[in-house]
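Report on the following structure.
One-based numbering, in listed order, for ligands and for the atoms of each. None of these values were measured; they are calculated from a predicted model.
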Amino acid sequence: MTAASLEPAQVQCLIGGHWIGRPSAERFSPIDGSPVSVVATATTAQVEAAVDAAETAFRTWRGTGSTDRARILYRAAALVGSRRAELAGLVTTEIGKTTADARAEVDRTVDLLLYFAGRGAADDGAVLAGTSGGEAHTRRRPLGPVALITPWNFPLAIPAWKLGPALVAGNTVVLKPSEYASAGAAALVRCLLDAGLPAGVLNMVPGAAATGSALVRDRRIRAISFTGSTVVGASIAEAANPLTQRIQLELGGNNPLVVLDDADPDHAAGLAVTGGFAQTGQICTSTSRLICTPGIVDAVVDATCAKARALRIGDPREATTDIGPLATAHQIQSNGDLLDAAVRAGGRIRLGGRFEGNRFGPTVLTEITPDNPLAQREVFGPLVGVMVAQDLEEAICLVNHANFGLVAAIATESGGAAAHFIEHAEVGTVKVNEPTIGNRPNVPFGGVKASSNSLFKEQGARATDFFTVEKSVYTSWSPPRRRPSTAIR
Ligand code: NAD
């Protein structure tokens, strides 16, 4: 069976409720190179037309009741759940995620849509003390047409965690999915349309950098929510107009797992393996650095290598496979370059380090110094570098030495050590005795330093803040001219 034993998916632009544009860019599966999709590339004119459609639809959508908007998200969640096999199959063939991971992503997408549907029915303002005799209140209003630009590694969940709050708050959307995962994104979009989303409320412009850039430069776009690499995020920040366009950037990481002497080495190794190698290390929250204190480092490294050796690398469609291929040619190149640079800088390969085509197994390097590229750059592959810290304080210094600040985890039995770590690790999320990967729809997510522009978090109860502006209202009413009669008639 080839990855795309079905006909390759045909992906067009969605503009004002119509699928248009000729699919022309062929995409091939990382599993076996067979064609998986043919994708239209939205031109600048089509991007403009998509923004036109979003602008027009905003006039009506903003006035739709929030519970009506929420009802569409509830229905979309049900449709995503009912199309689980189809959606997971697309994710697996497009980017090589194992079937188990792809199904988990579909389930998470359902949870995200349900969560944001629920938020839509929640309160959106506060009553406040006003001037004497008057009152004040706030209400949150949608911004208008917004752009969502997403990466390939969670082709359903990341669009969903942006679409949910954007739509339920009353904005209209132009979605620019990754060029490597457009078929999955299109299938998600179809669920929303089939759930009753009116034409023009959600538009999709497939394509690569030029399409995304045209979208960012359209000054009618009121907000840009971007998830992807730090370098592209920085270029978007430059291209956007900060006076009229709100910008949310969620970017890369180099996430550490600190293991203190008092931890259980086997449990800590489990955290390192899950965090480092799940989804072939292609998660923004994957563990890249394993920072251990001297009394436990050997036991943790031995156990991590033993567990990692037991992982099966293979065809992601097979139930027995733990590690699928690297998703793109760029991924193969950048992982190979980083491995070479890490070794040149003194790192010693303790496990793995070999490529077979786009198969790259779990790789552990020891003797990683703070300035080794493996400890400084984003890794985004199944590579973990081991570092030794003399104590908790030094471990925290190493954590904070990297320019990124997405997630940091610690394995310890000491509540005091954990509390100190929680306070001093310069990251957006801290995990205690949990792997660096994994987050829940109700918990805010986002980084600091080079991992995010840190203005607004995604997910969680305040995720709609980015997509709304708070309006403050003062009201005073004159008293009635005639005194009300006290007589009962
Ligand atoms: P990428 O930055 O290459 O591309 C992301 C999106 O931006 C794609 O849709 C791409 O077409 C578009 N794009 C590229 N150039 C553009 C430009 N000049 N203007 C506008 N849009 C442009 O990232 P990727 O390879 O798709 O994804 C991997 C990256 O995403 C990693 O760095 C990873 O850490 C990051 N990521 C971050 C999070 C998070 O929440 N922090 C989550 C997942 C992935």
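Between Phe360 and Phe355, the angle of the ring planes stays under 30°, which puts this pair in the parallel group of the 30/60° scheme.
Interface atoms of ligand 1 facing Gly212, defined by a heavy-atom separation under 4.0 Å, are 19 (N), 20 (C), 21 (N). Within the listing of ligand 1, atoms 24 (P), 26 (O), 27 (O), 30 (O), 44 (C) sit less than 4.0 angstrom from a heavy atom of Pro151.
For the residue pair Ser225 and Gln248, a side-chain donor N or O sits within less than 3.5 Å of a side-chain acceptor on the partner.
Ranking protein heavy atoms by distance to atom 12 (C) of ligand 1, first place goes to Ile149 CG2, 3.8 Å. Protein heavy atom nearest atom 36 (N) of ligand 1, with residue, atom name and distance: Cys284 CB, 3.6 Å. Closest to atom 25 (O) of ligand 1 among all protein heavy atoms lies Trp152 NE1, 3.1 Å.
For Arg440, the CZ atom sits in a loose shell: 12 or fewer heavy atoms of surrounding residues, nucleotides or ligands are nearer than 6.0 Å.
For the pair Glu458 and ligand 1, the shortest N or O to N or O distance does not fall below 3.5 Å. The N/O atoms of Leu251, backbone and side chain alike, include one that comes under 3.5 Å of an N/O atom in ligand 1. Any N or O atom pair closer than 3.5 Å counts here, and Thr230 shares no such pair with ligand 1. When only interatomic distances are considered, the shortest N/O to N/O separation between Asn153 and ligand 1 does not fall below 3.5 Å. On a distance-only criterion, Thr227 and ligand 1 share no N/O pair closer than 3.5 Å. Annotation: Ser451 places no N or O atom under 3.5 Å from an N or O atom of ligand 1; distance criterion only. Checking only distances, Trp161 never comes within under 3.5 Å of ligand 1, N or O to N or O.
Under the 4.0 angstrom criterion for non-hydrogen atoms, Phe226 is in contact with ligand 1. Gly233 does not count as a contact of ligand 1, since none of its heavy atoms falls under 4.0 Å from the ligand. Heavy atoms of Ser178 come nearer than 4.0 angstrom to ligand 1 in at least one pair. Residue contacts with ligand 1 leave out Phe154, since none of its heavy atoms falls under 4.0 Å from the ligand.
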Checking salt bridge (charged side-chain N to carboxylate O under 4.0 Å, His left out) for the pair Arg84/Asp107: CA distance, chi angles, key distance, verdict? CA-CA 8 Å; Arg84 185 176 191 247; Asp107 296 344; 2.8 Å; yes

Just do the side chain to side chain donor-acceptor pair (under 3.5 Å) check on Arg219 and Gln245 with the steps written out, would you? CA-CA 7 Å; Arg219 296 297 180 236; Gln245 295 180 305; 3.0 Å; yes

Working note: Leu339 + Leu365, criterion side-chain contact (heavy atoms from CB on, under 4.5 Å); need CA distance, chi angles, decisive distance, verdict. CA-CA 9 Å; Leu339 177 64; Leu365 286 97; 3.9 Å; yes

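Nearest heavy atoms, Lys457 versus Gly446: NZ-O, 3.2 Å.
With Phe466 as the aromatic partner, Lys162 does not meet the cation-pi criteria of under 6.0 angstrom to the ring centre and within 45 degrees of the ring axis. Judged by the 6.0 Å distance and 45° axis criteria, Arg190 is positioned over the aromatic ring of Trp19.
Gln333 pairs by the side chain to side chain donor-acceptor pair (under 3.5 Å) definition with Asp337, not counting sequence neighbours. Listed by chain and number, the residues in a side chain to side chain donor-acceptor pair (under 3.5 Å) with Asp194 are Arg83 (sequence neighbours excluded).
Under 4.0 Å from ligand 1, not a single heavy atom of Ile283 appears. Only the backbone of Pro177 comes within contact range of ligand 1, with a heavy atom under 4.0 Å; no side-chain atom does. Contact annotation for Tyr180 and ligand 1: no heavy atom of the residue comes within less than 4.0 Å of the ligand. Residue contacts with ligand 1, taken as heavy atom pairs separated by less than 4.0 Å, involve Glu378 solely via side-chain atoms from C-beta onward.
The presence of a protein heavy atom under 4.0 Å from atom 41 (N) of ligand 1 is confirmed.
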